[in-house]
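Below, chain A is the first sequence line, B the second, and so on; all start at residue 1.
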There are 2 protein chains.
Amino acid sequence: MAKSLQPHSSSGVENSVARSCSACSMRQICLPTGLNELETRLLDQIIVRKKIARDSYLYRIGDPFTSLYAVRVGHFKTYQENLAGDRQINGFQMSGELLGMDAISSARHQCDAVALDDSEVCVIPYPQLESLFTEMPMLMRHFHRVMSEEIMGEQNVIMILGNMYAEQRFAAFLINLSRRYALRGYSPTRFQLRMTREDIGNYLGLTMESVSRMIAKMRKEGIIEVRQRDVEVLNLSALNRIAAGIDSSSLHASVEMPSVVTEYNYLSPQLTHLQRLGILK
Amino acid sequence: MAKSLQPHSSSGVENSVARSCSACSMRQICLPTGLNELETRLLDQIIVRKKIARDSYLYRIGDPFTSLYAVRVGHFKTYQENLAGDRQINGFQMSGELLGMDAISSARHQCDAVALDDSEVCVIPYPQLESLFTEMPMLMRHFHRVMSEEIMGEQNVIMILGNMYAEQRFAAFLINLSRRYALRGYSPTRFQLRMTREDIGNYLGLTMESVSRMIAKMRKEGIIEVRQRDVEVLNLSALNRIAAGIDSSSLHASVEMPSVVTEYNYLSPQLTHLQRLGILK
DNA sequence: CGTTACGTTGAACGTATTCAATTTGCGTGG
DNA sequence: CCACGCAAATTGAATACGTTCAACGTAACG
């Protein structure tokens with residue numbers, strides 16, 4: 001194998017392991033979950049990394065499908081486009097999440113995937129991945145779980161879009177982000193929005209203006225604090241109540257009170273009631 | 001193997017093959033697609049059939065996940081439920097389609113699945129199915145395509161719910177049904193709605209009343225004829241234009257005119273532009 | 001033939017959108 | 001360092017789309 005093309009290699013002994021799945025902080029969330037050392041190494045051998053600059057495409061609608069992509073660093077959005085040129089954002093992806101699974105059946109990508117930050121992905125050639133499945137049932141099983149999670153996640157979006165008011169939608173959106181950051185070891189209450197208000201609105205089936213109004217409302221009620229794209233969740237249970245649609249807005253949301261809604265456990269691998277109900281991913 | 005438990009067996013030589021995938025009219029659409037005779041037989045061995053009466057559950061939210069289900073006869077709806085008890089229908093399933101894939105990751109069903117007709121399903125024990133994948137790469141690959149199609153289908157719903165007006169939504173709904181019936185050898189222009197207006201509205205993020213009004217509007221414009229649940233599509237290209245959002249309603253929709261929208265091919269296994277755009281499944 | 005579930009239609013209402021004006025933040029150049 | 005220009009975000013007022021509420025129809029079934 002050729003030496004690293006990266007400048008500033010810390011030493012000459014830097015080898016493939018140093019940049020392998022085993023050394024990746026996302027290995028408990030990403031594809032190698034549950035694999036042993038040897039298996040991880042086998043998976044490593046088919047993966048290469050790739051940097052994607054902010055606002056540039058990872059892939060585009062119609063591109064031939066060759067690989068899945070795991071986000072290593074950064075964030076992405078994926079969207080469809082209709083004949084009139086309107087876009088619908090399907091989701092925002094962060095580290096450890098897989099992109100491109102919707103392209104398997106048609107062999108062409110069905111979405112555009114755009115980096116929201118300067119990002120880095122692991123390129124996973126799909127035919128080789130499928131070949132590995134035969135030798136590595138654990139990998140296959142986990143892959144199926146990942147696809148199933150993707151389906152669940154989209155069902156949650158369907159619930160949001162089909163059944164919720166603007167305020168509920170935005171609350172559900174924040175809760176979802178909160179939980180995903182918590183899973184990655186980040187704060188569930190303080191994080192940055194990586195996307196514009198317009199992107200959020202598009203994703204939630206609202207306009208940018210409506211999103212802005214929901215933010216203003218929740219700020220006024222002391223549920224969140226937002227400066228630019230920095231979000232602080234001040235009252236998560238109020239957010240949960242709003243998303244669940246059991247918050248009569250006559251109640252003072254800032255008053256913490258025993259609630260019917262079970263507080264969810266940010267780190268539990270088990271699904272909570274709220275997740276099951278589509279409020280969380 | 002025991003003799004058939006069914007009454008009225010036409011003869012004593014009726015064996016397992018007579019009720020196998022090889023003999024099933026859905027084999028080109030369902031799981032055994034692409035398998036050879038031997039492989040199909042292996043798949044058969046893990047499958048049993050089950051009848052589900054109209055309005056009864058195939059599975060319920062929270063049920064332990066043991067099997068996937070392929071619809072053999074009849075129709076189903078699947079829906080999620082939120083804390084307030086509101087339901088959101090995720091989809092309607094017809095013959096040859098697979099149910100339960102959203103349960104793989106959590107090992108519990110995430111939806112209720114209810115039969116809209118007296119129906120029959122093939123019960124596919126999931127652990128055994130996964131075991132087969134190791135020996136039958138074709139089966140595995142097709143399964144991945146099926147899951148990927150499920151993801152695509154849900155992305156289409158997201159597009160409908162996030163981006164379309166009531167009229168577009170209903171048009172997209174009809175087009176989707178039309179195409180799926182066509183794939184099964186039925187008429188793309190005459191079919192029965194198996195669900196109530198309320199179910200349609202729920203699925204499309206509308207009320208029953210709105211659906212009713214859209215039907216009335218399209219009838220008045222000569223695009224469809226509807227009597228009870230019998231639908232006849234009189235002007236499919238108008239329907240396509242409406243769904244695509246390129247139909248200025250000032251134009252007389254009943255006048256057939258050259259359109260930017262490519263007429264889609266009902267039977268092509270290839271994805272058309274419209275499908276890709278989320279208007280079709 | 002009444003009962004019930006499902007569907008249609010009309011009118012008033014409400015939520016989110018549209019359109020427009022302003023504000024804020026940030027990068028660039030004078 | 002401030003001025004400028006641009007993109008993103010906020011806010012307000014008018015409008016529109018679909019909902020809600022209510023009354024009426026229609027078909028299936030005992």
Side-chain angles (χ1 to χ4, degrees), chain A residues 54-55 77 84 86-89 114 116-117 160-174 192-221 224-231 242 245 247-250, chain B residues 54-55 77 84 86-89 114 116-118 160-173 192-221 224-231 242 245 247-250:
Chain A
R54 176 176 168 162
D55 289 331
K77 64 176 171 185
D86 305 321
R87 295 168 173 181
Q88 171 65 42
I89 295 177
V114 177
L116 298 172
D117 298 327
I160 287 172
L161 294 174
N163 240 323
M164 292 189 187
Y165 291 112
E167 195 183 6
Q168 296 178 274
R169 295 185 194 199
F170 186 66
F173 171 73
L174 289 180
Q192 282 198 348
L193 303 173
R194 309 323 247 260
M195 65 298 284
T196 65
R197 302 285 194 266
E198 186 156 26
D199 281 346
I200 298 172
N202 180 304
Y203 174 63
L204 295 177
L206 303 168
T207 58
M208 177 184 66
E209 292 93 329
S210 292
V211 172
S212 193
R213 282 184 245 271
M214 292 308 116
I215 291 175
K217 184 162 189 275
M218 290 186 183
R219 279 187 56 177
K220 222 172 291 174
E221 291 169 346
I224 58 175
E225 188 47 73
V226 180
R227 248 193 309 274
Q228 301 295 113
R229 299 193 178 177
D230 292 314
V231 176
I242 290 171
D247 188 77
S248 66
S249 55
S250 58
Chain B
R54 176 175 169 164
D55 289 331
K77 65 177 171 184
D86 305 322
R87 295 168 172 180
Q88 172 64 43
I89 295 177
V114 176
L116 297 171
D117 298 326
D118 285 341
I160 287 172
L161 293 175
N163 241 323
M164 293 189 185
Y165 291 112
E167 195 183 6
Q168 295 179 274
R169 295 184 193 200
F170 186 66
F173 171 72
Q192 280 198 349
L193 303 174
R194 307 324 246 264
M195 66 298 285
T196 65
R197 302 287 195 265
E198 186 157 26
D199 281 345
I200 297 173
N202 181 304
Y203 174 64
L204 296 176
L206 303 168
T207 57
M208 176 184 69
E209 290 94 330
S210 292
V211 171
S212 192
R213 282 183 245 271
M214 292 307 116
I215 291 174
K217 184 163 189 274
M218 290 186 184
R219 280 187 55 178
K220 223 173 289 174
E221 290 169 346
I224 58 175
E225 188 47 73
V226 180
R227 247 194 310 275
Q228 303 292 116
R229 298 191 179 179
D230 292 314
V231 176
I242 291 171
D247 188 77
S248 65
S249 56
S250 58

Between the main-chain N or O of B:L204 and the side-chain N or O of B:R169, is there a donor-acceptor pair closer than 3.5 Å?
yes
Distance-only, no hydrogens or angles: does the A:R194 side chain make a donor-acceptor pair with backbone N or O of A:D117 under 3.5 Å?
no
Nearest whole Å is fine: how far is [N] [atom2] from [X] [atom1]?
X: B:Q228; N: D:dG25; atom1: CD; atom2: P; value: 16 Å
X: A:I215; N: C:dT24; atom1: CD1; atom2: C1'; value: 14 Å
X: B:R197; N: D:dA27; atom1: CZ; atom2: P; value: 12 Å
X: B:M208; N: C:dG10; atom1: CE; atom2: C1'; value: 14 Å
X: A:N202; N: D:dA8; atom1: CG; atom2: P; value: 14 Å
X: A:M214; N: C:dT17; atom1: CE; atom2: C1'; value: 12 Å
X: B:R194; N: C:dC6; atom1: CZ; atom2: C1'; value: 17 Å
X: A:R229; N: C:dT24; atom1: CZ; atom2: C1'; value: 13 Å

Can you tell me if A:T207 touches the phosphate of C:dT17, counting only side-chain N or O atoms and a distance under 4.0 Å to OP1 or OP2?
yes
Output the single nucleotide from D:dT10, C:dT17, D:dA9 whose closest atom is nearest the side chain of A:S212.
D:dT10
Looking for any heavy atom pair under 4.0 Å, which part of the strands does A:G205 touch: base, sugar-phosphate only, or nothing?
sugar-phosphate
What nucleic acid atoms does A:T196 come within less than 4.0 Å of, heavy atoms only: base, sugar-phosphate, or nothing?
sugar-phosphate
Sort out for me which residue in A:D86, A:V211, A:T196, A:I89 forms a side chain to side chain contact (heavy atoms under 4.5 Å, CB included) with A:N202.
A:I89
Atom pair CD1/NZ of A:I215 and A:K220 - distance to nearest 0.5 Å:
13.0 Å
Rounded to the nearest 0.5 Å, what's the gap from CD on B:E209 to CE on B:M214? Could you check?
11.5 Å
Is a donor-acceptor pair below 3.5 Å formed from side chain B:R213 to base C:dG7, judging by atom type as modelled?
no
Check if the side chain of B:E209 and the base of D:dC21 share a donor-acceptor pair of N or O atoms closer than 3.5 Å.
yes
The answer to which of B:E198 and A:A166 contacts DNA chain C further toward the 5' end, by nearest nucleotide, is B:E198
